[in-house]
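Everything below concerns the one structure shown next.
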Amino acid sequence: MASGDLLLRTHAGAPVLTRAFPCRLLVLTRRRRGLVSPLAAAKVGVAGRARPGGTAAVQKRRRRDAGESLSLSRVVMRRDAVDEDEEEDVEGEALQLGAGAVTRGDDEGGVDGSYLSDTRFDQCAISSLSLKAVEDAGYERMTEVQEATLPIILQGKDVLAKAKTGTGKTVAFLLPAIEVLSTLPHQRNQLRPPINLLVMCPTRELANQVAVEARKLLKYHRSLGVQVVIGGTRVTQEQRSMQANPCQILVATPGRLKDHLENTPGFSTRLKGVKVLVLDEADRLLDMGFRRDIEKIIASTPRERQTLLFSATVPEEVRQISHVAMKKDYRFINTVKEGDEETHSQVSQTYMVAPLDLHFSILYDVLKKHVAEDADYKVIIFCTTAMVTKLVAEVLSQLKLNIREIHSRKSQSARTKVSDEFRKSKGLILVSSDVSARGVDYPDVTLVIQVGIPADREQYIHRLGRTGRKGKEGQGLLLLAPWEKYFLGTVKDLSISEAAVPSTDSSVETEVKNAVRKVEMKSKECAYQAWLGYYNSNKTIGRDKSRLAHLAEEFSQSMGLAVPPAIPRNILRKMGLNNVPGLRSS
Ligand SMILES: Nc1ncnc2c1ncn2[C@@H]1O[C@H](COP(=O)(O)OP(=O)(O)OP(=O)(O)O)[C@@H](O)[C@H]1O
C-alpha cells in the first residue's frame with residue numbers, strides 16, 4: 001500500500017484501496033462498521049493499522065490536524081460509537097470536515113488560501129486526461145470540499161455536500177462525475193445515445209457556467225461532450241443540436257428539461273442512461289418553486305443512479321427531504337466547521353436601516369464612495385424583483401454611474417451579453433434580481449449590496465457569496481427599511497454590524513430626485529406592482545394587507561409619485577388584494 005493510501009475495509013472485512021486520496025490520512029478501518037481515522041485510531045488505541053509517512057504536505061496536514069480540533073476525527077469517533085445495528089440505517093451519515101484556516105498569503109490570488117487544502121490534484125488517482133485538464137485550468141491544490149468529496153463520490157456513494165460560496169463545488173462534483181463517465185464503455189452510432197451525467201441548475205447563467213467548467217475538465221476526454229438546455233432559447237434549436245451531436249453530459253434548468261422530456265422524441269429514453277445526477281444549489285432545486293419539476297425529472301432517471309447534491313446552504317428541511325433524490329445511505333459532507341459561520345470571515349457585512357425615501361440617496365452615496373476608493377470596483381446590487389431591478393438600474397444610470405442590468409425580463413441574449421461583460425470587466429455596477437444570486441462566479445466582486453429583504457436567510461448568504469470568492473476579501477451591505485428590520489433576526493448568528501446611515505447634503509438629494517423624475521412612468525408602475533407582489537407574498541409583511549398598502553404607498557413616494565399607480569383589477573384579485581384600502585385598481 002502506498003503511503004497514505006485510503007484503505008477501506010469492505011463489509012466482509014477485506015481491505016480495498018480507493019482510487020484516490022493519498023493524503024487525507026483517512027485510513028479507515030472497520031470495527032465492524034465503525035470508521036477510524038489515524039488520528040482517531042491513535043486516540044482510541046488502534047494506531048498502527050496504518051501510519052503513512054507521507055509527503056511534506058501530508059506531514060503538515062497531520063500536524064495541523066493534530067494541533068487543531070479536527071472535527072473529522074470527532075465525527076469518526078461518533079460514528080464509531082453509533083450502535084452497530086442501527087448504523088446501517090443511519091440516513092445521511094455526516095462527515096464534518098474541519099476546514100482549518102491556514103493563511104498562506106496571496107499565493108492563490110486571494111488574500112488567504114484557506115479555501116484550499118494541502119492535497120494536490122496530482123496526488124489523487126484521477127485519470128491522466130483529467131489531471132492534464134485540471135493543470136491547464138490552473139488548479140494545483142484541491143479546495144477543501146473537493147478534497148472531502150472526491151474519494152466518497154468515486155466510491156459510488158450518493159453525497160449531499162455543504163461548502164461555503166466560491167470554494168469550488170462545481171469542480172467537486174464535475175471531476176469525479178467525469179471520472180465515472182470515462183470508465184463507461186462508449187457505444188458509437190447509437191440511435192439515441194444515453195445521457196450519462198445530468199446536472200440540474202436553478203438559473204440559466206449558472207447552467208452555462210457549469211458547462212464552461214465541464215468543457216475545461218473535458219479538454220482531453222475527446223470522446224465526452226457537454227450540452228446545455230436552458231429556457232429563453234429556441235427549443236427546436238436545442239432539439240436539432242442534441243440530434244446532430246448528442247452528448248453524454250447535459251446541463252439543464254428544470255423547466256426546459258421538463259419541456260424536452262415531454263416534447264422531444266427519444267429524450268426520455270436518453271435519460272434512462274443517467275449514471276450520475278447532480279443537483280447544484282440543491283436546496284433551491286428542492287424548494288417548492290422547482291420541486292414538482294425536479295421530482296418528475298428524477299423519476300425519469302434510473303433508480304440505481306448516483307446522486308450528488310451540492311450547496312452552500314443546507315437547511316434542515318432539505319436534509320429531511322433529500323431522500324426524494326438520494327439513497328438512504330447517502331453521505332452528508334459538511335466542510336463548514338462546527339461553530340463557524342456560513343459566510344466568509346474575510347467579507348465584512350454591514351446593514352443600514354433607513355426610510356424607503358432615502359434609499360436611492362444612500363445607494364448613490366455608498367456607490368460614489370466605493371467607486372472613489374477602489375478603481376477596480378465591481379459591485380452587484382441585488383433587488384427584490386425583476387421590475388424593481390429595472391427601476392433601480394434606471395435611476396442609477398441617470399446618476400451617471402456605470403450600470404448594467406440583469407433580470408428575468410431581459411432577453412436571454414441580453415442576459416448572456418451582460419453576464420459575460422461583467423465577468424471580464426472591472427469598474428462596473430451590476431443591478432440584478434436573484435438570477436445572479438446563486439452559483440454565478442464573477443471574479444473579484446468588491447461589494448454586494450442587497451436592497452430590501454432577501455427571500456430568506458439562504459438567499460442572503462448566496463447573494464453575499466458573490467463576493468469574497470476563492471479566499472478574497474469583499475464587502476456586503478444590506479439596506480433595509482425600518483419595518484424590514486425583523487429580517488436581521490434570521491441572520492443573527494452571522495457577523496453583521498450596523499453601519500451609520502450617511503448624511504446626504506441637499507444638492508445630492510436634488511440630484512437624486514431629478515434622476516428619479518427622469519425615469520419613465522411605465523417603469524415606476526411596473527416596479528410598484530412587482531414590489532407589492534413581492535411583499536404581499538412575504539409571510540411577515542404580507543399578513544396585514546392594509547399595512548402592506550400603506551408601505552406600498554411609501555415605496556411609490558420614494559419614486560416621486562404623489563399617488564400610487566393603479567393596478568389592473570384582475571391582478572389585484574390574483575394577489576388577494578381586492579378592495580384593500582389604499583390600493584387603486586384600474
Ligand atoms: N482547486 C482549485 N484551485 C483554484 N481555483 C479553483 C479550484 N477549484 C475551483 N476553482 C475556482 O474557484 C472559483 C469558485 O468555484 P465555484 O464557482 O465552483 O464555487 P462554488 O463553491 O460552487 O460557489 P457557489 O456556492 O457560489 O456556487 C471558480 O472560479 C473556479 O474556477
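Note that these values count all heavy atoms, side chains included, but never hydrogens, waters or copies made by symmetry. Counting starts at 1 for both ligands and their atoms, in listed order.
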Inset, instruction - Below 4.0 angstrom from a heavy atom of Thr170, which ligand 1 atoms are there? Numbered from 1 as shown, please. - result: 16 (P), 17 (O), 18 (O), 22 (O)
Legend entry - Modelled atom types, side-chain donor and acceptor of Tyr115 and Gln346, under 3.5 Å: no
Legend entry - Polar proximity ligand 1 side, Glu140 side, N/O cut 3.5 Å exclusive: no
Inset, instruction - Please determine if Glu281 has a nitrogen or oxygen closer than 3.5 Å to a nitrogen or oxygen of ligand 1. - result: yes
Legend entry - Ser436 side chain to Glu205 side chain, donor-acceptor N/O pair below 3.5 angstrom: no
Legend entry - Element-labelled atoms of ligand 1 that are located less than 4.0 Å from some non-hydrogen atom of Leu116: 3 (N)
Legend entry - Residues Asp158 and Lys327 bridged, charged N to O under 4.0 Å: yes
Inset, instruction - Look only at interatomic distance and state if His462 has a nitrogen or oxygen under 3.5 Å from any nitrogen or oxygen of ligand 1. - result: no
Inset, instruction - Would you kindly say whether Glu147 and Thr119 are connected by a side-chain donor-acceptor distance under 3.5 Å? - result: yes
Inset, instruction - Assess the side chains of Ser130 and Glu179: does a donor N or O sit below 3.5 Å from an acceptor N or O? - result: yes
Inset, instruction - Return the orientation label for the Phe121 and Tyr139 ring planes: parallel under 30°, perpendicular over 60°, tilted otherwise. - result: tilted
Inset, instruction - May I have all residue pairs that pass side-chain hydrogen bond (donor to acceptor under 3.5 Å, both in side chains) and include part of residues 446-456, sequence neighbours excluded? - result: His370-Thr446, Gln450-Arg463
Legend entry - Proximal atoms of ligand 1 relative to Thr167 (non-hydrogen, under 4.0 Å): 19 (O), 20 (P), 21 (O)
Legend entry - Polar contact flag for Val171 and ligand 1 (N/O pairs, less than 3.5 Å): no
Inset, instruction - Show which atoms of ligand 1 fall inside a sub-4.0 Å distance from at least one heavy-atom site of Arg469. - result: 14 (C), 16 (P), 17 (O), 19 (O), 20 (P), 23 (O), 24 (P), 26 (O)
Inset, instruction - For Arg466, counting its heavy atoms only, list the atoms of ligand 1 lying under 4.0 Å from any of them. - result: 26 (O)
Inset, instruction - Pull out every atom of ligand 1 sitting under 4.0 Å from any heavy atom of Phe121, numbered as shown with elements. - result: 1 (N)
Legend entry - Proximal candidate to atom 24 (P) of ligand 1 [heavy atom criterion; set Cys201, Ala137, Gly166]: Gly166
Legend entry - N or O contact, Met142 vs ligand 1, cut-off under 3.5 Å: no
Legend entry - Any N or O of Lys169 closer than 3.5 Å to N or O of ligand 1: yes
Legend entry - Charged N-O contact under 4.0 Å between Arg291 and Glu295: yes
Inset, instruction - Within a distance under 4.0 Å of any heavy atom of Arg141, pick out the atoms of ligand 1 and give their elements. - result: 1 (N), 2 (C), 3 (N)
Inset, instruction - Indicate whether the side chain of Asp441 and that of Gln209 have a donor and an acceptor atom separated by less than 3.5 Å. - result: no
Legend entry - Lys164: numbered ligand 1 atoms lying under 4.0 Å from its heavy atoms: 21 (O)
Legend entry - Positive for salt bridge (charged side-chain N to carboxylate O under 4.0 Å, His left out) with Asp283, one of Arg457, Arg438, Lys162: Arg438
